[in-house]
Amino acid sequence: FFFFFKQKTAYEILSGLVGSEMCIRDRYQRRVHGIQYLRRMVKHNHAIPNVHLKKHWGPLVKTFFNQPAKKKQRQVAREEKAAKIFPRPINYLRPLIRCPTQRYNMKIRYGRGFTLDEIKNAGLNPQYARSIGIAVDNRRQDMNLETREMNVKRLKSYLAKLILFPGKTTRKLALKQQKAEPMTDAKKEDKKPRKMIVPEAPKEKLELPAAKEQSDDKIVLPMQEQKLREKPQTITPEMKNKTSFKTLRIERVKQRYAGVRKKRAEIAQKEAEEKATKDTSAQQSPLYQHSLK
């Protein structure tokens, strides 16, 4: 069987409205996504409009028709930046760090920048390091001695391969010396050479083909692949008797009571010194010598 229900007209609904339901007549405005729509009651005895087509998805749609143009714009910006900083490398030197948490700390990745301690141990200062293409992170703290030494070694290898061009001040001084009169011996003794953390490259190095090319490598001094697997070895009786759990517990106890044990040792040493001074003073007294006679 098929049942057909007739849609009620405005007059039929109006007769059934009671109390607060009469406010349906007064609703005539509706705002969706900042767009105002009119909604009025129908005229005469027509059916109440109840069409579900008000989706209004137009304002929510985002288009990216400018994606190819933006890609080209970024490429041009990179080329302009590279030409501006020539012959410096495009990217900075980054440190090697271990990933956080116990789950990932066996993996090594590139960090944001070198710590202040690493820069100091390499014989540099942060301001000068940034000027020669080394990234510096003031917030990072490296508590691992092995990682710190590895990064210091990385910095020193970078400085050994670095070809430092003469700066603006050095070039200006050279031009002034060419134009000026020949200096006397007294003036040469008075004039002190400028102190440089990293010495400027000589003319022979500046004429090399590597000095005339700009490094566009994404990673400066890429790290070597790690070999995590070790060769098989025979298990000795010492390995069997030694347990890592006991070793860790003993080291924790030593670290916990280090201050107390140090204080006890100092007190015991002080008491022993006082006792030794008393014994020497007693032996030197005349009564002690008379008793010996």
Side-chain angles (χ1 to χ4, degrees), residues 29-39 51-101 103-104 107-116 118-119 124-142 147 151 154-155 157-172 198 200-201 205-226:
Q29 288 186 354
R30 185 175 175 231
R31 189 175 288 275
V32 178
H33 302 300
I35 303 168
Q36 191 171 353
Y37 298 92
L38 296 176
R39 187 165 68 174
V51 183
H52 297 81
L53 296 176
K54 299 172 184 176
K55 304 301 179 185
H56 309 293
W57 54 270
L60 302 176
V61 174
K62 291 183 180 179
T63 57
F64 298 95
F65 299 124
N66 61 344
Q67 188 177 7
K70 285 287 182 184
K71 181 182 178 182
K72 184 69 177 176
Q73 188 179 352
R74 289 192 297 270
Q75 184 183 357
V76 171
R78 284 195 297 269
E79 289 173 357
E80 287 177 358
K81 183 184 175 183
K84 188 179 178 181
I85 65 172
F86 182 84
R88 287 185 289 171
I90 295 168
N91 297 310
Y92 283 88
L93 178 70
R94 304 286 178 181
L96 298 177
I97 61 170
R98 290 195 174 272
C99 298
T101 69
R103 184 175 181 180
Y104 300 105
K107 293 183 179 180
I108 295 177
R109 64 175 178 84
Y110 297 101
R112 183 186 180 87
F114 292 90
T115 61
L116 300 178
E118 290 167 356
I119 296 289
L124 304 171
N125 58 60
Q127 188 177 2
Y128 186 77
R130 287 190 180 98
S131 68
I132 58 173
I134 297 171
V136 182
D137 189 1
N138 297 332
R139 296 174 295 177
R140 189 170 73 86
Q141 293 182 354
D142 196 358
T147 311
N151 285 325
R154 183 175 171 81
L155 281 169
S157 64
Y158 175 78
L159 294 175
K161 295 177 182 179
L162 185 68
I163 300 173
L164 190 64
F165 282 70
K168 290 182 180 179
T169 53
T170 311
R171 280 180 279 176
K172 285 178 182 178
V198 179
E200 293 175 349
K205 275 194 174 182
L206 296 177
E207 292 175 359
L208 292 172
K212 296 176 183 178
E213 294 177 359
Q214 189 177 28
S215 174
D216 58 347
D217 296 335
K218 192 174 182 181
I219 297 164
V220 182
L221 291 181
M223 63 179 174
Q224 298 176 353
E225 293 183 2
Q226 283 186 313

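Scope of the values below: all heavy atoms of this structure, side chains included, with no hydrogens, waters or symmetry mates.
- For G133 against Y158, the heavy-atom pair with the smallest separation is O-OH, 3.7 Å.
- Separating the OH atom in Y110 from the NZ atom in K218 is a distance of 11.0 Å, to the nearest 0.5 Å.
- Here R140 pairs with E118 under the side-chain hydrogen bond (donor to acceptor under 3.5 Å, both in side chains) rule; sequence neighbours left out.
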Just do the side-chain contact (heavy atoms from CB on, under 4.5 Å) check on N151 and T115 with the steps written out, would you? CA-CA 9 Å; N151 285 325; T115 61; over 6 Å; no
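- Of all non-hydrogen atoms in V136 and A129, the two that sit nearest each other are CG2-CB, 4.1 Å.
- If you take NZ on K84 and NZ on K81, they are separated by 10.0 Å, rounding to the nearest 0.5 Å.
- If you take CG on L116 and CG on D142, they are separated by 12.0 Å, rounding to the nearest 0.5 Å.
- No side-chain heavy atom of I219 sits less than 4.5 Å from a side-chain heavy atom of N91.
- For the atom pair I134 CD1 and F114 CZ, the distance stands at 6.5 Å (nearest 0.5 Å).
- Side-chain contact between I108 and T147 is absent, with no heavy atoms from C-beta onward closer than 4.5 Å.
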Distance-only check: which donor-acceptor pairs under 3.5 Å involve side-chain atoms of residues 59-73, not counting sequence neighbours?
none

Listing, residues 92-100 side-chain donor-acceptor contacts under 3.5 Å, not counting sequence neighbours, or none:
from: R94; atom 1: NH1; to: R112; atom 2: O; distance (Å): 2.5
from: R98; atom 1: NH1; to: N105; atom 2: O; distance (Å): 3.1
from: R98; atom 1: NH1; to: M106; atom 2: O; distance (Å): 3.3

